[in-house]
Amino acid sequence: MRLDIISIFPEYFAPLQVSLLGKARLRGLLDVHVHDLRQWTHDRHRTVDDTPYGGGPGMVMKPDPWGEALDTIAPPPSVPATGARSIPAGQATDAQTVDVQTVDVQAIAHEQAAGAEHGATEGRRPPVPRLIVPTPSGRPFTQAMAVELAAEPWLVFACGRYEGIDSRVVEEARTRMRVDEVSIGDYVLAGGEAAVLVIVEAVGRLVPGVLGNAESVADDSFAPGRMQTLLEGPVYTKPPVWRGRAVPDVLLSGHHGAIARWRRDQALRRTVANRPELAAELDPADLDERDRQV
Ligand SMILES: Nc1ncccc1[N+](=O)[O-]
């Protein structure tokens, strides 16, 4: 999967170099390119925002830099690919001094074509990414959406500041790519960068091959299917007794059926306690069915 992230704070994405996602990048499972939006400004102050029409507090991000950025990273069919300069995540400091990696849009076209059926190559459309715009006014980001996005070959993330990006940018982008305005929660962040880190982590760990043990994805809280609306219950590891607190006996019993029932019961309790609205959605028949499965 290829990920392009456009932000005025490219250094914000250094964390994508480490841990799971860092390894996935080294193994070529994730191809992350971070772009400084200011490379598409042309004034001395590299201006990216201005006061809102109609008045009101704060600033709104100007459409021009965004339009040029999206044209460069995901050229419309009529515009020849020029390649864009990106900053390898984690090496971004000041855009002027960082040696940049060109984004080879043709390479993406080749990759995408490689996925096409043999023989279906004539008149192939250039690859089109899916644009994700984190915003408090977006659709709630869920595990189901993460699963859906993990199946995409190419995602582009636009990090706007809280007051938002001029609405015509999304409007225009919709004419040539799928755009999802997505919210990670009902609270106010200063910009979309933290939200992109959340989304990239939730999606990246689902990309086939990224997680070592595929099993653990199926048991995720909110994973579609078995654990659709059950929160994960308590977990334990060695030592069997810690500061006088013993691990529940059932987990040491070796009875897999009893262990699975205990875990489901604990997940139910936690769901009722922490997310009563999810517990209300549970179908008792479905729960009995799960019992029979274990
Ligand atoms: N909550 C948010 N605040 C600012 C930008 C983006 C946000 N979000 O949820 O994606």
Side-chain angles (χ1 to χ4, degrees), residues 1-16 21 30 32-38 40-41 47-67 69-70 73-74 89 92 129-152 154-174 177-207 220-223 229 231 274-275 277-278:
M1 173 189 279
R2 178 173 173 120
L3 303 170
D4 284 280
I5 303 170
I6 310 165
S7 165
I8 58 173
F9 301 117
E11 61 281 6
Y12 207 101
F13 298 97
L16 291 183
L21 296 184
L30 294 178
V32 181
H33 297 261
V34 180
H35 310 269
D36 182 345
L37 178 68
R38 293 189 196 276
W40 288 285
T41 60
T47 313
V48 291
D49 54 12
D50 204 334
T51 52
Y53 275 123
M59 300 290 270
V60 172
M61 297 195 100
K62 295 160 59 72
D64 267 342
W66 283 105
L70 291 174
I73 292 166
R130 193 160 164 179
L131 178 62
I132 310 295
V133 184
T135 165
S137 54
R139 276 190 311 134
F141 180 66
T142 62
Q143 187 67 15
M145 193 186 288
V147 170
E148 185 190 323
L149 294 180
E152 292 287 339
W154 185 16
L155 297 176
V156 175
F157 291 89
C159 300
R161 48 181 300 145
Y162 175 54
E163 291 76 3
I165 302 171
D166 184 301
S167 296
R168 291 166 292 182
V169 172
V170 163
E171 200 181 296
E172 192 267 348
R174 284 196 200 285
M177 66 184 84
R178 177 164 174 179
V179 182
D180 293 273
E181 293 180 282
V182 172
S183 166
I184 63 163
D186 296 336
Y187 36 75
V188 175
L189 303 170
E193 283 75 13
V196 168
L197 281 177
V198 165
I199 296 168
V200 167
E201 169 129 351
V203 172
R205 65 186 287 279
L206 296 174
V207 170
D220 278 351
S221 292
F222 308 103
T229 56
L231 303 180
N274 294 345
R275 298 291 299 275
E277 80 283 4
L278 290 180

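Note that the structure is predicted; figures quoted are calculated from it, not measured. Ligands are counted one by one from 1 in listed order, and the atoms in each one are counted from 1 as well. FYI, side chains are in, hydrogens and waters are out, and symmetry mates aren't considered; it's all heavy atoms of this structure.
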Would you name the heavy atoms of [X] and [Y] that are closest together and state the gap between them?
X      : Y      : result
Pro63  : Val169 : CA-CG2, 3.5 Å
Cys159 : Trp66  : O-CZ2, 3.3 Å
His35  : Asp4   : NE2-OD1, 2.7 Å

Where ligand 1 meets [X] - atom numbers and elements under 4.0 angstrom, heavy-atom basis:
X      : result
Val182 : 10 (O)
Gly185 : 1 (N), 9 (O)
Pro134 : 6 (C), 10 (O)
Ala195 : 10 (O)
Gly191 : 4 (C), 5 (C)

Does [X] pair with [Y] as a salt bridge, N-O distance under 4.0 Å?
X      : Y      : value
Arg168 : Asp166 : yes
Glu277 : Arg275 : yes
Glu148 : Arg178 : yes

Ligand 1 to Leu189 polar contact by distance, N or O atoms, under 3.5 Å: yes
- prompt: Quick one: which of Thr135, Ile199, Ile184 has a heavy atom closest to atom 9 (O) of ligand 1?
  reply: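 Looking at heavy atoms only, Ile184 sits closest to atom 9 (O) of ligand 1.
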